[in-house]
Visitor: 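I have a structure here, written as C-alpha cells, and I will follow up with some questions on it.
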Amino acid sequence: ALLLRMIFRGLAVVYSAAVSFRLMLYRERFIHDHHLGVPVVSVGNLTVGGTGKTPVVELLAKSLRDKGRRVCILSRGYKSKRQKKAPWLKRIGARLGLFEKTPWTPPRVVSDGEKVLLDSHVAGDEPFMLARNCPGVPVVVDKNRVKAGAHAIKHFGADVLVLDDGLQ
C-alpha cells in the first residue's frame, strides 16, 4: 500500500506540473482559445459512456429550440466511419495531387434540421439518434469542434452550440 501511495503521489505531481504548464501556455498566449461569437453549452464529464450525457443534450437542444433559439448539436462522432471516396475518384485525385493539397475537409452534416442525411455507420450511433430525435436541430460531426461550430454558424445560422460529450 505504501509503495502504491508513493507511485500515485509521484504521478499526481507529474500531472499537476503538466496542467500548470498547459495553463501557463494559455496565459502567455502560446496557445489560445477560439471564440465563435455564440454561446457554447458543453455537456460532459470525465466518465466515459453510460452516464446519460446524450439524453441531456437531446433535452437541452429541444428546450432551446422551443424557446426560439437556432441551436445546433456538435459531436465528435465516436465510432463513426468516414464516407469512402469512389476508387476512380481516389486515383484521379491522387494523380492530380488534390487530396494531399486539401487537408481541410468539411464536417459531416448528420441532419440539416429537416431530414437525417447520414446513417449510423457514417455518423456514429449517438449523433444519428440525436438527429432522429431532434427535428429542427442540425447535427454536425467532426473531430475538430471549432471547425464544426464555424460550419454550423455559417450554414445553419446557429446562435447556440451544444456539445455532446464536450470533455471527450
Side-chain angles (χ1 to χ4, degrees), residues 1-65 69-84 99-100 102-111 118 120-134 137-156 158-168:
L2 178 64
L3 179 62
L4 281 176
R5 200 171 335 172
M6 288 174 30
I7 290 171
F8 285 126
R9 278 196 182 134
L11 290 173
V13 168
V14 170
Y15 179 78
S16 177
V19 169
S20 295
F21 180 69
R22 183 173 182 263
L23 289 173
M24 185 272 307
L25 291 175
Y26 273 103
R27 207 172 26 255
E28 299 299 324
R29 308 301 286 165
F30 289 108
I31 302 175
H32 38 82
D33 48 3
H34 301 275
H35 296 281
L36 293 173
V38 300
V40 177
V41 181
S42 179
V43 177
N45 58 28
L46 297 178
T47 306
V48 177
T51 58
K53 294 181 289 279
T54 301
V56 170
V57 168
E58 181 180 328
L59 181 67
L60 184 61
K62 286 179 178 177
S63 176
L64 288 166
R65 177 203 61 201
R69 301 303 297 258
R70 291 184 316 272
V71 62
C72 184
I73 298 172
L74 307 181
S75 174
R76 288 178 52 95
Y78 180 67
K79 288 190 177 179
S80 64
K81 293 178 175 56
R82 271 260 178 229
Q83 286 177 312
K84 294 185 178 178
F99 297 133
E100 291 77 34
T102 48
W104 187 86
T105 56
R108 288 171 280 166
V109 178
V110 182
S111 166
L118 300 176
S120 62
H121 297 292
V122 177
D125 292 342
E126 292 175 348
F128 178 73
M129 181 190 78
L130 288 166
R132 275 196 7 225
N133 295 346
C134 297
V137 177
V139 179
V140 178
V141 171
D142 200 286
K143 300 269 186 253
N144 182 333
R145 305 271 180 121
V146 175
K147 181 171 71 170
H151 186 84
I153 292 165
K154 180 178 180 182
H155 295 282
F156 301 114
D159 64 3
V160 176
L161 303 173
V162 179
L163 305 183
D164 182 23
D165 204 0
L167 299 179
Q168 184 181 35

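For the single chain, residues carry numbers from 1 onward in sequence order. Reckoned from all heavy atoms, side chains included, excluding hydrogens, waters and symmetry mates.
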Visitor: Look up atom CG in Asn133 and atom CZ in Phe128, then write down how far apart they are to the nearest 0.5 Å.
Guide: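 Asn133 CG to Phe128 CZ: 9.5 Å, rounded to 0.5 Å.
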Visitor: Can you check side-chain contact (heavy atoms from CB on, under 4.5 Å) on Val109 and Leu118, steps first, answer last?
Guide: CA-CA 7 Å; Val109 178; Leu118 300 176; 6.0 Å; no
Visitor: With rounding to the nearest 0.5 angstrom, report the CD to NZ distance, Glu126 to Lys53.
Guide: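 Output value for this atom pair is 7.5 Å.
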Visitor: Measuring from Lys147:NZ to Asp142:CG, what's the distance to the nearest 0.5 Å?
Guide: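 Nearest 0.5 Å value for the NZ-CG distance: 4.0 Å.
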Visitor: Starting at CD1 of Ile31, measure out to CG of Leu25 and round the result to the nearest 0.5 Å.
Guide: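 Taking CD1 in Ile31 and CG in Leu25, the distance rounds to 4.5 Å.
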Visitor: Determine yes or no for a side-chain-to-main-chain donor-acceptor pair under 3.5 angstrom, with Arg108 supplying the side chain and Val122 the backbone.
Guide: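 Side chain of Arg108 to backbone of Val122: a pair is present.
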Visitor: Taking all heavy atoms of Pro127 and all of Val139, pick out the closest pair and write down the distance.
Guide: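 Scanning both residues, the minimum pair turns out to be O-CG1, 3.9 Å.
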Visitor: Locate the shortest heavy-atom distance separating Ala148 from Pro107; write the atom from each residue and the value.
Guide: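 It is CA-CG, 3.9 Å.
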Visitor: So do Val43 and Asp164 actually touch side chain to side chain, heavy atoms under 4.5 Å?
Guide: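 No, their side chains stay 4.5 Å or more apart.
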Visitor: Evaluate the side-chain proximity of Leu130 to Thr54: yes if any heavy-atom separation is below 4.5 Å, no if none is.
Guide: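 They are in side-chain contact.
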Visitor: Listed by chain and number, what are the salt bridge (charged side-chain N to carboxylate O under 4.0 Å, His left out) partners of Arg69, not counting sequence neighbours?
Guide: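 In terms of salt bridge (charged side-chain N to carboxylate O under 4.0 Å, His left out), with neighbours along the sequence ignored, Arg69 is linked to Asp159.
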Visitor: Could you walk me through whether Val14 and Ser16 satisfy the side-chain contact (heavy atoms from CB on, under 4.5 Å) test, starting with their C-alpha distance in whole Å, then the side-chain angles of each, then the deciding distance to 0.1 Å, before giving a yes or no?
Guide: CA-CA 5 Å; Val14 170; Ser16 177; over 6 Å; no
Visitor: His151 vs His155 aromatic rings, parallel, tilted or perpendicular, using cut-offs 30° and 60°?
Guide: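 Plane angle between 30° and 60°, so tilted.
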Visitor: Out of curiosity, Cys134 SG to Met129 CE, how far, rounded to the nearest 0.5 Å?
Guide: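 The SG atom of Cys134 sits 8.0 Å away from the CE atom of Met129.
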Visitor: Quick one: do Leu36 and Val146 satisfy side-chain contact (heavy atoms from CB on, under 4.5 Å)? Show the steps, please.
Guide: CA-CA 8 Å; Leu36 293 173; Val146 175; 4.2 Å; yes
Visitor: Between Arg5 and Ile7, is there a side-chain heavy-atom distance shorter than 4.5 Å?
Guide: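 When only atoms from C-beta onward are counted, Arg5 and Ile7 do not touch, as no gap falls below 4.5 Å.
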Visitor: Please report the closest heavy-atom contact between Val140 and Cys72, naming both atoms and the distance.
Guide: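 Scanning both residues, the minimum pair turns out to be CG2-SG, 3.8 Å.
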Visitor: Assess whether side-chain contact (heavy atoms from CB on, under 4.5 Å) is satisfied between Val40 and Leu163, documenting all intermediate values.
Guide: CA-CA 7 Å; Val40 177; Leu163 305 183; 3.8 Å; yes
Visitor: I'd like to check the side chain to side chain contact (heavy atoms under 4.5 Å, CB included) partners of Phe8; sequence neighbours left out, ordered by chain and number.
Guide: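 Leu4, Leu11.
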Visitor: What distance do Phe156 atom CZ and Ser111 atom OG have between them, rounded to the nearest 0.5 Å?
Guide: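 One gets 7.5 Å once the value is rounded to the nearest 0.5 Å.
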Visitor: Ignoring hydrogens, what is the shortest heavy-atom contact between Val71 and Ala61? Give both atom names and the distance.
Guide: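 Scanning both residues, the minimum pair turns out to be CG1-O, 3.6 Å.
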Visitor: For residues Val38 and Leu161, determine if any side-chain heavy atom of one lies less than 4.5 Å from a side-chain heavy atom of the other.
Guide: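 Yes; the side chains approach each other to less than 4.5 Å.
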